[in-house]
Every structure is written in C-alpha cells, then in structure tokens.
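Here is how names work: the chains are called A, B, and so on, in the same order as the sequence lines, proteins then strands, and each is numbered from 1. Treat the numbers as computed from the prediction; the structure is a model and nothing was measured.
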Amino acid sequence: MKRVTVQQALTGRVEVGETLEIQGWLRTRRDSKAGLSFLALHDGSCFDAIQGVVQNDLPNYETDVMKLTSACSLRIRGELVESQGKGQSVEIQVQELEVIGWVDDPETYPMSPKRHTMEHLREHAHLRPRTNIGGAVTRVRHTLAQAAHRFFHENGFYWIHTPIITASDAEGAGEMFRVSTLDLANLPRTESGEVDFSQDFFGREAHLTVSGQLNVECYCSALSKVYTFGPTFRAENSNTSRHLAEFWMIEPEIAFADLSDNADLAEEFLKYLFRSLLDERPDDMAFFAKWVDKTCVDRLETFIDASFERMEYTEAVRILEKKSKKAKFEFPVSYGVDLQSEHERYLTEKLVGRPVVVVNYPKDIKAFYMRLNDDGETVAAMDVLAPGIGEIIGGSQREERLEVLDARIAAMGLDPTDYGWYRDLRRYGTVPHSGFGLGFERTIQYCTGIENIRDVIPFPRTPRNADF
RNA sequence: UCCUCGGUAGCUCAAUGGUAGAGCAAUCGGCUGUUAACCGAUUGGUUGGGGGUUCAAGUCCCUCCCGAGGAGCCA
C-alpha cells in the first residue's frame, strides 16, 4: 500500500492496478443511484483533484459517505484504475474510506461548492487556500520564489538576509511602522518634553524596513553580486489594488555595473521567472488563462521571446506630449514632472503593449542615492512598467562618488551624519554599482492576471486590516 | 487621505415610499458512470450600525462602520 499525494497518483508514480492511500479534503460529492458516489478529493499537491468512486456496498456507505459535504477531510484506500468516465484518465476504486474531520454546519461553511467573489474569499483568508484559485496562487507564488532563488544562485549571487528592524531613519522610501517597547500610556519624556527614545529597546527610534537596499549595498561592495528577498513594510495609507502595507521585495545589487547592466539583469531575471513558471505550473496557468485572464500565458510567452523596450524619460515625455490630446490625459505632461499612472499605462499598454523600461529621470524627482548623469540634470534611474500594474520594478545605478553623493544629500536637506556607514562605502574602495527592487506580489499579479494584490499574498495587510 | 459606486437569506443578486423574491449552497426525495451533474420539494431574513422624515422606509435625509474601483504615494 503506497501512501501518495494526488499529484503522484495522477502523474504515474502509481501504476494502474496498484492499491494506494490518499489523504485530502473533499471538494464535491456526486451520487448516482446506480449505487455509487463520485468523490473529488484534493490535497493541494497539484491543481487537479482525484476522483474516488465509492460503491454502495461499502460498510460505511450510508453512515459516512452519504453524509459527506464539501471540505470533509478523508483518508481513502483503493485501487488505481482507468476511469470509465470522461474528464480524468485514472481514478480510485475506493475499498476503504475513513472520515478524519467532518464539516460543522455545512450550510454556513464559507467555501461552499459554488463560485465565490474574490472579496468573499478574501474575507475568509484562512479557508481560501482550499479553493481552486487559492491553491493555484499559492503554487505559483512558491514556484516564482523558488525560481528567483535558483536564478540568483546559478548566476553567482549571494542571498543577504538584510534586517527587518532598522534604526536607519532616513531611507526615504515612504512612511515607516515604528518598532517600540515603550509603554504607550506612559511615555518617557526628555526635559524638552519630547518622547525619550534613548529609553526604548534599541536606545533610539526604530522602524520596520522599507527596503533592504542600503544594507545590501554593503554586501555588494564585497561579494559583488548579492540580493535580498524578504518582507518590506510601508505605512502609507494606500488603498489601491496594487499596494500592501506588508509585501515581499526582491532586490539584487551588482558591483562594477551601470544602469544598462542593471536593465539587462532585470530583463534576464524576469524572463527566467516566467519561463520557469510556464514550465513548472502548466496546470495552474491553464486555470488562470481559462477563468481569470485569457491572455496571461500568451503574455508571458511574448515577453520571453521579445526584447525589453527601453526608453529615455525625455523621449517618453516627448511622446506623451505629442499624444496628450488624442489620449485625453487628465494631467498634463511636461519635462521635470513624474509620470502619472495614466501616462505609465499609456506607455506600457497602448504604445508598447508589453513591459517598458524608462530610464534617466530628472534628478529632482528621484532619490538621493541615484547616480547623477553627465548632463547634471538626470539620474541613472529606471522604472519597469507593466501593463495593468504600472511600476513593477524601480531601480538605479547608485552614486559611487563621495563628493557627488554628499552634494546630493545636502541639496535634499538630509543630514549627512545619518549616512555615516553608507558614505563609508564610497570612502573605502568605492565601485560603480546598480540594483533594483522587484515587487514580488506585483510580479504574481502580472503572471496570473489577478487584479487585486490582496489576492496574491496569503494574509494581506492593508490600512485598517490585519485580520488573521 | 480624496473622488465615485456599493452593503438585502450561508453565497451572488432582484424588489415605483405600500405583503422582502430568485439562482446557487444546505436538507429531503428522484435519477444505471457523474464532471460547477441533472429533476422535484423543503428550510432559510433584526435589509451594515445609530439617528431622522413619513400614516408607512430595504427604498428618502444625516451620521458612523465596512467593501470595491479610480487618484495620490510607491514596489
């Protein structure tokens, strides 16, 4: 008797005629008064459920089988046989069935065997992985994460575990969540009446990280090719289908590399991810193509075959200005202002029809650490824009020249003493280096066509919502 | 945070200011191998909370809460 997963049973690990044992959850039960019932059993190991056929002479047919409802957990033993029906090649002729867990009050079980809205699934995030779409998203997410690590490993990158808690108070990538053990009802005060963080756990203010970039630059300046892959936190009050308060970001950083190398890396990396996904999860991708977004598989294949579209910011603005009347933009476009969502969408969706890299933005709309170009006006920044999502990657060549970095820090009104260790990288053997941040959830959205980012992470954290 | 649209049965949605309905799910019965099975019946409601207008409010007004789409911020 082999105990196997549904995936193993369906893919030849068990020969027809062998007996096997499978454990899982019931998706549906269909009865035929020919004296048999059909059970669809899933265990998450693959998209498909396996069909168990139960004859009514089973000792517990009336007492157990006829009472089964969706989501009951079961252990079945039986023979793997070729199916007499359509829709599956093999099925299990059940010889023994054991109910492990019943469903309490089936009428109110939230994942009843019918179609549900994404909002409903989200409100039951603890049960959502049992659904077709919940399972498919989970496997796709895993596959993309594994592919990311594999890509970097195979290309000589080292994975750096950058800190979740940071006392760097000037990363400048958005609002931060405070980390503190102070008693909120009884805050220690300094003589001038301000909160005395010297009495806090770290002896100073601390927050959850908004990016591992500054930390990973340190390791880049020693191990040459590195990356982080971990959770990041933004306390922005963003209520959109593209933002989470807690999300996962992949941030590679490469030494002796300019912006063009950076864009090459982004392109090669994304293609590797998409190729892996199509190769490894055809079952789940077929489901998304059928029920969620008919174009998702084609989109990935096109991306893999095509070269990245690259465009200068100046060029992008020129095109947008030319098209602004026809496209009826709500906001005007001109050199020196950041592109609005509608402009980004126009570029990637209408003009190019696939992801596009916009490079060399005006320095005033970008971060202090981005490398100043020779024109003195722009910085070596890049944004990868994807149809339906907008910015999926943000990156840049970093400023490696200490005096230029200091001038930028000063010009932006930042305090150089906050950047002591970061400046040291430029003092001791500085090198040109580049990197980017890829929003992991946005990548999953792009691959699956799922519209709301809250549906591609197990337990989404958003303003006013940290349930589960 | 701003704009727009929503909140009615377990779920998805109907309902001129005048008796709250349907489909699915669930339960029961029928059906000779089903595939989101099918056919019949039954059960199922404090219409998001609070306040107001009215003879009468799911429906109109005020307010709060929650959700979605878009914007800003960004990945």
Taken to the nearest whole Å, CD/A/E236 to C1'/B/U1 is 11 Å
Separation of atom CD1 in A/I457 from atom P in B/A75, rounded to whole Å: 16 Å
Just how far, in rounded Å, is C1' of B/C2 from CD of A/E330? 12 Å
Tell me which pairs pass ring pair (Phe, Tyr, Trp, His ring centres under 6.0 Å) where either residue lies in residues 330-354 of chain A, with sequence neighbours left out. A/Y313-A/Y335, A/F329-A/H343, A/F329-A/Y346
Could you write out RNA chain B as dot-bracket? Rules: Watson-Crick or G-U wobble, both distances under 3.5 Å, brackets [ ] for crossings, | for pairs with another strand, dot for unpaired. (((((((..((((....[..)))).(((((.......))))).....(((((..]....))))))))))))....
Aromatic ring proximity A/F247/A/F233, centre distance under 6.0 Å: no
Atom pairs, protein N/O to nucleotides 63-69 of chain B N/O, distance under 3.5 Å:
{"residue": "B/A68", "atom": "OP1", "partner": "A/R122", "partner atom": "NH1", "Å": "2.4"}
{"residue": "B/A68", "atom": "OP1", "partner": "A/R454", "partner atom": "NH1", "Å": "3.1"}
{"residue": "B/A68", "atom": "OP2", "partner": "A/R454", "partner atom": "NH1", "Å": "3.0"}
{"residue": "B/G69", "atom": "OP1", "partner": "A/N452", "partner atom": "ND2", "Å": "3.3"}
{"residue": "B/G69", "atom": "OP2", "partner": "A/N452", "partner atom": "ND2", "Å": "3.2"}

Please report the distance separating the C1' of B/U43 from the corresponding atom of B/G50, rounded so that it comes out in whole Å. 32 Å
Can you find a side chain N or O atom of A/S211 that sits less than 4.0 Å from OP1 or OP2 on B/A75? no
For A/S307, check side chain to side chain contact (heavy atoms under 4.5 Å, CB included) against everything at least two apart and list the hits. A/E267
Given side-chain hydrogen bond (donor to acceptor under 3.5 Å, both in side chains), test A/H120 with A/T117 step by step and report yes or no. CA-CA 5 Å; A/H120 177 73; A/T117 59; 5.6 Å; no
Within the 4.0 Å limit for protein heavy atoms, which parts of nucleotides 26-40 of chain B are touched? Write it as a string from 5' to 3', B for base, S for sugar-phosphate only, - for none. SS---BSBBBBB---
Salt bridge (Lys or Arg N to Asp or Glu O under 4.0 Å) contacts in which one or both residues fall within residues 134-153 of chain A, not counting sequence neighbours: A/R139-A/D284, A/R141-A/E441, A/R150-A/E280
Please measure how far the C1' atom in B/G10 lies from the corresponding atom in B/G51, and state the result in whole Å. 30 Å
If I pick the C1' atom on B/A36 and the same atom on B/G52, what distance separates them, to the nearest angstrom? 47 Å
Which part of the nucleic acid, if any, lies within reach of A/T117 when heavy atoms closer than 4.0 Å are counted: base, sugar-phosphate only, or nothing? sugar-phosphate
Considering only the P atoms, how many Å lie between B/U53 and B/A15, rounded to the nearest integer? 28 Å
How close or far is atom C1' of B/G72 from atom CD of A/E391, stated in whole angstroms? 14 Å
Return whichever of A/F247 or A/H120 has its heavy-atom-nearest nucleotide of RNA chain B closer to the 5' end. A/H120
Rounded distance (Å) that lies between atom C1' of B/C74 and atom CD1 of A/I250: 17 Å
Pairs flagged by ring pair (Phe, Tyr, Trp, His ring centres under 6.0 Å) wherever residues 32-81 of chain A is involved - sequence neighbours left out: A/F47-A/F287
Between B/C13 and B/A75, how far apart are the C1' atoms? Round to whole Å, please. 36 Å
Measuring only the P atom in each nucleotide, how far is B/U47 from B/U19? A whole number of Å is fine. 15 Å
Could you tell me how far B/U12 sits from B/G6 if I compare only their C1' atoms? Round to whole Å. 14 Å
Partners passing side chain to side chain contact (heavy atoms under 4.5 Å, CB included) against A/P129 (at least two apart in sequence or in another chain): none
The criterion is side chain to side chain contact (heavy atoms under 4.5 Å, CB included); which residues satisfy it with A/A466, sequence neighbours excluded? A/R461
Quick one: which residue pairs count as a ring pair (Phe, Tyr, Trp, His ring centres under 6.0 Å) with a foot in residues 445-468 of chain A, not counting sequence neighbours? A/H126-A/F468, A/F274-A/Y446
Rounded P spacing from B/C31 to B/A22 in Å: 27 Å
Would you mind listing every salt bridge (Lys or Arg N to Asp or Glu O under 4.0 Å) that reaches into residues 326-343 of chain A, with sequence neighbours excluded? none
Looking across every strand, which nucleic acid part, if any, lies under 4.0 Å from A/L244 by heavy atom: base, sugar-phosphate, or nothing? base
Looking at residues at least two apart in the chain, or sitting in another chain, which of them share a side chain to side chain contact (heavy atoms under 4.5 Å, CB included) with A/T69? A/C72, A/V103, A/P106
NE2 of A/H116 versus P of B/G23: gap in Å, rounded? 18 Å
Looking at the rings of A/F269 and A/F152, which for Trp means the six-membered one, are their centres under 6.0 Å apart? yes
